[in-house]
J.: 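What follows is a single structure, and I will ask about it in a moment.
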Protein chains: 2
Amino acid sequence: MKFSSRLPIAVHTLLVIEVFKGQYKITSDFIAGSVGVNPVIIRNILIQLKTANLVEVAAGIGGATLKKSPQEITLLDIFHAVEADESLFHIHEHPNPDCLVGRNINSILYTHFDKIKKTVEQELNSITLQSLLEQVK
Amino acid sequence: MKFSSRLPIAVHTLLVIEVFKGQYKITSDFIAGSVGVNPVIIRNILIQLKTANLVEVAAGIGGATLKKSPQEITLLDIFHAVEADESLFHIHEHPNPDCLVGRNINSILYTHFDKIKKTVEQELNSITLQSLLEQVK
DNA sequence: AAATGTTGTAAGTATTGACATTACAATTAA
DNA sequence: TTAATTGTAATGTCAATACTTACAACATTT
């Protein structure tokens with residue numbers, strides 16, 4: 001079980017946008033310099049954040065800005081924006097339907113895993129970008 | 001963010017051991033038939049479960065049995081047994097230490113992610129193998 | 001209108017991890 | 001000894017992730 005690195009990068013991106021707004025033009029190159037990855041990675045993440053209505057990106061001239069206030073953006077919003085795959089858990093497998101266990105395992109595990117997922121989402125939702133900003137300073 | 005399929009397979013394995021004990025000899029082949037994977041996968045997972053003191057495997061003659069009662073085994077025990085990588089979250093990255101955000105991002109995210117991890121572990125710990133057994137029947 | 005800087009996007013490569021498969025020595029009971 | 005099974009190594013395959021290069025589209029500035 002593991003988060004991809006997209007959530008951390010997206011959070012980092014949003015923090016940079018807000019911390020340095022006004023001072024610098026926040027281009028994908030600028031963000032990439034702080035995060036330490038290729039600018040294309042940042043552009044792709046910006047597209048996802050834009051689709052989720054969290055940021056605005058100026059095509060041509062360049063520069064990204066937040067579209068909501070930091071109080072209104074939670075880690076869950078960011079998580080949903082960049083982790084397209086909602087399936088958190090492997091329920092895959094091809095269990096044997098002729099076996100009592102194989103027949104039931106997936107629905108049983110799914111029930112429990114889904115509950116855990118909801119708990120995680122609840123926690124992510126309780127953390128705002130604003131609180132992270134305050135921790136940065 | 002995603003579980004590997006090792007936890008589901010390990011749970012499936014333990015359930016098969018307990019459900020069919022006495023009726024059949026529970027070999028890696030037998031378990032593999034119910035799970036729907038290669039027997040070697042099961043053997044490797046059995047080794048991990050054995051190391052965690054959850055099962056006993058008879059070398060040579062074959063057959064696996066539980067080493068604790070189903071009430072004493074929780075999903076967290078199984079999780080720890082098979083998910084060696086405890087790092088749940090990507091804190092990797094190489095953020096720029098010369099940037100205010102880059103300098104602080106990892107410790108901030110780590111704090112929050114660690115709290116979420118503890119919550120997940122708490123939930124996993126509340127689910128016993130016994131309760132899963134009851135759901136199978 | 002041209003030059004400049006940036007975004008949007010595609011394509012190719014590399015790396016990693018998970019899982020599958022084959023093979024065989026070691027082990028144990030019959 | 002024979003037969004069945006485990007323990008373990010080696011190899012192959014596949015998907016996901018990330019890195020990089022490249023360039024057309026776009027908007028501002030000159």
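Every chain is numbered from 1, with letters handed out A, B, ... down the list of sequences. The analysis underlying the following values was restricted to heavy atoms, covering all of them including side chains, and did not include hydrogens, waters or symmetry mates. All figures in this text were calculated on a predicted structure; none of them were measured in a lab.
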J.: Looking only at side-chain atoms of B:A59, point me to the closest of D:dC19, C:dT9, D:dT6.
T.: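 For B:A59, the side-chain atoms sit closest to D:dT6.
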
J.: Looking only at atom types and distance, does a side-chain atom of A:D77 sit under 3.5 Å from a main-chain N or O of A:T74, one as donor and one as acceptor?
T.: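 Yes: the side chain of A:D77 pairs with the backbone of A:T74.
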
J.: When all nucleic acid strands are considered with a 4.0 Å heavy-atom cut-off, which category describes B:G60: base, sugar-phosphate, or nothing?
T.: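 The residue B:G60 makes base contact.
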
J.: Reading DNA chain D from 5' onward, which residue's closest nucleotide shows up sooner: A:V37 or B:A64?
T.: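 The residue mapped nearer the 5' terminus is B:A64.
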
J.: Looking at D:dG7, C:dA20, C:dT7, which one has an atom nearest to any side-chain atom of A:S28?
T.: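 Side chain of A:S28 sits closest to C:dT7.
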
J.: Would you kindly give the CD-to-C1' distance between A:Q48 and C:dT9, to the nearest whole Å?
T.: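 Answer to the nearest Å: 14 Å.
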
J.: Whole Å only: how far is the CG atom of B:D29 from the P atom of D:dG7?
T.: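 About 13 Å, once rounded to whole Å.
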
J.: Rounded off to whole Å, could you give me the CZ-to-C1' distance for the B:R43 and D:dG7 pair?
T.: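 Distance check: B:R43 CZ to D:dG7 C1' gives 8 Å.
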
J.: Nearest whole angstrom, please: distance from the P of D:dT5 to the CD1 of B:I26.
T.: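 Those two atoms, CD1 and P, are 12 Å apart.
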
J.: Please confirm whether the backbone N or O of B:G33 pairs with a side-chain atom of A:N96, one donor and one acceptor, at under 3.5 Å?
T.: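 At least one qualifying donor-acceptor pair exists.
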
J.: Taking the nucleotide of DNA chain D with the closest heavy atom to each, which residue, A:V40 or A:I61, is nearer the 5' end?
T.: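 So the residue in question is A:V40.
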
J.: Looking at B:E18 and B:K21, is any side-chain nitrogen of the basic one under 4.0 Å from a carboxylate oxygen of the acidic one?
T.: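 Salt bridge: yes.
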
J.: More than 12 heavy atoms of other residues, nucleotides or ligands under 6.0 Å from CD of B:Q122: yes or no?
T.: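 Counting neighbours around CD of B:Q122, 12 or fewer heavy atoms of other residues, nucleotides or ligands fall under 6.0 Å, so no.
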
J.: Whole angstroms only, please: what is the CD1-C1' distance between A:I42 and D:dT20?
T.: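 In whole Å, D:dT20 C1' lies 14 Å from A:I42 CD1.
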
J.: Write down the atom of B:I26, the atom of B:I17, and the distance for their closest heavy-atom approach.
T.: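 Closest approach of B:I26 to B:I17, heavy atoms only: CG2-CG1, 3.8 Å.
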
J.: May I have the distance from A:N38 (atom CG) to C:dT7 (atom P), rounded to whole angstrom?
T.: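 Rounding to the nearest Å, CG of A:N38 and P of C:dT7 are 13 Å apart.
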
J.: Return the value, rounded to whole Å, for the distance between atom NZ of A:K25 and atom C1' of C:dT7.
T.: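 A:K25 atom NZ is separated from C:dT7 atom C1' by 11 Å.
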
J.: Round to the nearest Å and state the distance from A:L46 atom CG to C:dG8 atom P.
T.: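 Computing the A:L46:CG to C:dG8:P distance gives 7 Å.
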
J.: Taking OP1 and OP2 of C:dG8, is either one under 4.0 Å from a side-chain nitrogen or oxygen of A:K50?
T.: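 Checking C:dG8 against A:K50, a side-chain N or O does come within under 4.0 Å of OP1 or OP2.
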
J.: Which of the following nucleotides, D:dT6, C:dT21, C:dT7, is nearest to the side chain of B:I41?
T.: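 Nucleotide nearest to B:I41's side chain: C:dT21.
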
